[in-house]
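One structure is given below, encoded as C-alpha cells.
Residue numbering restarts at 1 for every chain, and letters A, B, ... go by the order of the sequence lines.
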Protein chains: 2
Amino acid sequence: MSKSDIRHLQIADYLIAQIKKGTYRIGDKLPSEHELCDKFQANHHIVRTAVARLINMGWITAHQGKGAFVISRPEVFPYQLSARTGFSENLKEKAVPHRGQLLHHDRRHPTQQECRYLNLETHEFIYDLRIKRFINETPVSLSKTIICEKDIPNLENYLTNFKSLYKILSDHYRISPVRTKSIVQAILPNLEDVLMLQLPENVPLVQIRSFANHPNGHPFEYTLSKMRSDTCHYVIDF
Amino acid sequence: MSKSDIRHLQIADYLIAQIKKGTYRIGDKLPSEHELCDKFQANHHIVRTAVARLINMGWITAHQGKGAFVISRPEVFPYQLSARTGFSENLKEKAVPHRGQLLHHDRRHPTQQECRYLNLETHEFIYDLRIKRFINETPVSLSKTIICEKDIPNLENYLTNFKSLYKILSDHYRISPVRTKSIVQAILPNLEDVLMLQLPENVPLVQIRSFANHPNGHPFEYTLSKMRSDTCHYVIDF
DNA sequence: CAGTGGTCTAGACCACTAC
DNA sequence: TAGTGGTCTAGACCACTGT
C-alpha cells in the first residue's frame, strides 16, 4: 500500500484542493465531520485525522460545538533576522501590538554546554531568562536566553515590569548585542510548547539558536527560540 | 479537559522522557505496540498516535514487521545560507556524498506573481526547474526555481546529465547569482512532498523562499525550497 | 508461522455551542 | 435538546519480517 492510497491523506488532499479552488472560501464553514463521513463513506476517525491535518497545515481552525472554518489568514509579520535587532525593535516600527512576558529568571552557574557557547568557566555566573512573546495578544514564541552575568551585574533589579530584554540592556548597560550566528530548524512542539503557546499538537515551529557577542567582541548571549511561523516569518536580507 | 490530560500526549511525553533519560538508548528497540498497550492500559490507536508523534519529532523510526527503534541520529549537515552559495557549493567542501536530480524543466511565460518577483513582463520567458536533492542518497529537499530566460539562452542544452544548477550558470554563462533575501517558515509537507521525499506525514520541513540577483544587479532568480531539517540545518553567519 | 507495525470500521461517551 | 468537534475502546484485517 502506497502513501497515496491512504484514505485520510486523500481526503485531506481533496479538501485542500477544494479550498484552493475556492469551493470553500476564507471564513466559510466546512461541512460537519458527520457530513464528511457520509460524503467520503469513511469513518469518523479517518475524517478526523484528515481534518486534523488541515488544522496543522494552517488551512482551517475548528471549534467545539461550532464547526471548522477556513482560516482568515491573520496578517503575517516579517521578523527581520539581522545582526542587530531583537524582537521588540523589530516590531515597534510597525504599528503592531506586541509584548514580551518574562516567565522565569535565574542567576546560576552555566552548564558545560553553556560554558562552550559563551566561553565561560563553570564557576562563573549566567542569567537564564524564559520569555514568552505575544503579537496581538496571541502567543507566538517561547525563548530561553543565557547571558553572561559579569557584563550585566544586578540584572534582577531591572526585571520587574519586564517589557523587552534588549531595551533593558540598552537603557541600563548601554549594551547592544551583535548577533554572529543563527541555526534554523523546523520542529514539532513538545508538550510544554503546546500548552504554553496554546497550539494544536502538530503545528510546526521554527526553532532558531542564536549566538550574539558583546559589542566589545566577546561571546555574550545564547538564545534558543521557538516561533509559530503562521503568524510571523523570518526574513533575512543579505 | 486540558491538553495535558490527553492520553496519547502523556504517553508520548513519557516515552520521550525515557529516551532522554537513557532508558532506551540510540539503536534500542522500543517495546512493541502490543506491550505498550498493556503497559499503559491503553488502546492500540492511542499508543499508535503516541508512537507516531515520536516518529514525527525525530526520536524514533518504525519498520513494519521489525519494530520501532531509537534513532541513531545521522550526522546533521550545516547548510550555509549566504549571499553566494548554492546547494552543491555548500556541501562539496565537506566530503559528503550529495547530488541533485532534475525532476522537470520548462521554458514558459511567467505568472503574474513571477513577473513581480523577477521584474518581468508577461510576454517574456522564464525557465522553471524542479530539483530534488539527496545527501547520502537520502532525499532531503525539493525545490522550484524560476530564472529569467534572457540571461541564460538555451539553458536546455546544458540540462542533460544535470548535477548542479549553479555550476551550469558558472561554467556556461559565467553567472554567479547573488542572493538578496530569504524568507523562512516551518511547514508540514503536502501529499506530493510526502511521496517525493519519502517522509512520515507530519515531519516538519523548513521552507525558504529566496530571491537572487544577476551579478549586474537585476532580479534574476526566485527559488522555493523545502528541506527536512533533521538531516540538514540552515546556518546564517552575520 | 507468529510477531510486528499500518489502516480502517463501529460505536461509546464527553464538552461545548446555539437555539 | 440537537448538533458539533474531541477522546477513547474494541476489534478486524492487511503487509512486512524473521524463524
Side-chain angles (χ1 to χ4, degrees), chain A residues 1-15 24 27-71 191 194-195 198-203, chain B residues 1-15 24 27-71 191 194-195 198-203:
Chain A
M1 183 189 230
S2 155
K3 286 267 181 194
S4 54
D5 298 326
I6 294 175
R7 202 83 181 84
H8 70 256
L9 289 181
Q10 287 176 340
I11 294 175
D13 215 45
Y14 175 83
L15 290 173
Y24 307 117
D28 283 1
K29 186 179 166 306
L30 285 193
S32 75
E33 294 182 355
H34 181 70
E35 289 172 295
L36 292 174
C37 289
D38 284 354
K39 180 179 172 73
F40 295 108
Q41 284 299 304
N43 189 272
H44 188 191
H45 258 303
I46 300 308
V47 166
R48 282 193 56 68
T49 66
V51 167
R53 198 168 149 76
L54 267 73
I55 293 173
N56 291 322
M57 291 179 79
W59 291 103
I60 62 174
T61 52
H63 297 286
Q64 206 164 326
K66 292 165 88 171
F69 301 84
V70 178
I71 276 188
L191 186 49
V194 165
L195 297 174
Q198 302 165 35
L199 293 173
E201 317 147 22
N202 284 303
V203 170
Chain B
M1 185 189 228
S2 155
K3 286 266 181 194
S4 54
D5 298 327
I6 295 176
R7 202 82 180 85
H8 72 255
L9 289 180
Q10 287 176 340
I11 294 174
D13 214 48
Y14 176 84
L15 289 174
Y24 308 117
D28 284 0
K29 186 179 166 306
L30 285 192
S32 75
E33 294 181 354
H34 180 72
E35 289 172 294
L36 292 174
C37 289
D38 284 354
K39 180 180 172 70
F40 295 108
Q41 285 300 304
N43 188 273
H44 188 189
H45 258 303
I46 299 309
V47 165
R48 280 192 58 68
T49 68
V51 167
R53 198 168 150 75
L54 266 72
I55 293 173
N56 291 321
M57 292 179 77
W59 290 103
I60 63 174
T61 52
H63 297 287
Q64 207 165 325
K66 292 166 88 172
F69 301 83
V70 179
I71 274 188
L191 185 50
V194 164
L195 296 174
Q198 302 165 34
L199 293 173
E201 318 148 20
N202 285 301
V203 170

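When distances run from any side-chain atom of B/Asn43 to the nucleotides C/dG6, D/dT9, C/dC8, the shortest one goes to D/dT9. Looking at the side chain of B/Gln64, the nearest of the listed nucleotides D/dC8, D/dA15, D/dG6 is D/dA15. Proximity note for B/Lys66 (side chain, C-beta onward) versus C/dT7, D/dT17, D/dC8: the nearest is D/dT17. Distances were taken from every side-chain heavy atom of B/Arg48 (C-beta onward) to each of C/dG5, C/dA10, C/dA15; the shortest belongs to C/dG5. For A/Ile46, the listed nucleotide lying nearest its side chain is C/dT9; candidates were C/dT9, C/dG6, C/dT7.
Looking at B/Gln10 and B/Phe40, their side chains never come closer than 4.5 Å, going by heavy atoms from C-beta outward. B/Ile11 places none of its side-chain heavy atoms less than 4.5 Å from the side chain of B/Leu36.
A/His45 contributes a side-chain N or O that forms a donor-acceptor pair with the base of D/dT9 under 3.5 Å.
The backbone N or O of B/Leu195 lies less than 3.5 Å from no partner atom in the side chain of B/Gln198, so there is not a single donor-acceptor pair. Using a distance-only test at 3.5 Å, with no hydrogens or angles considered, a donor-acceptor pair links the side chain of B/Asn56 to the main chain of B/Ala52.
Atom CG in A/Asp38 sits roughly 11 Å away from atom P in D/dT4 (whole-Å rounding). A straight line from CG of A/Asp5 to C1' of D/dA15 spans 13 Å, rounded to a whole angstrom.
Nucleic acid contact for B/His44: base, since at least one base atom lies under 4.0 Å from a heavy atom of the residue.
Neither OP1 nor OP2 of D/dG3 sits under 4.0 Å from any side-chain N or O of A/His34.
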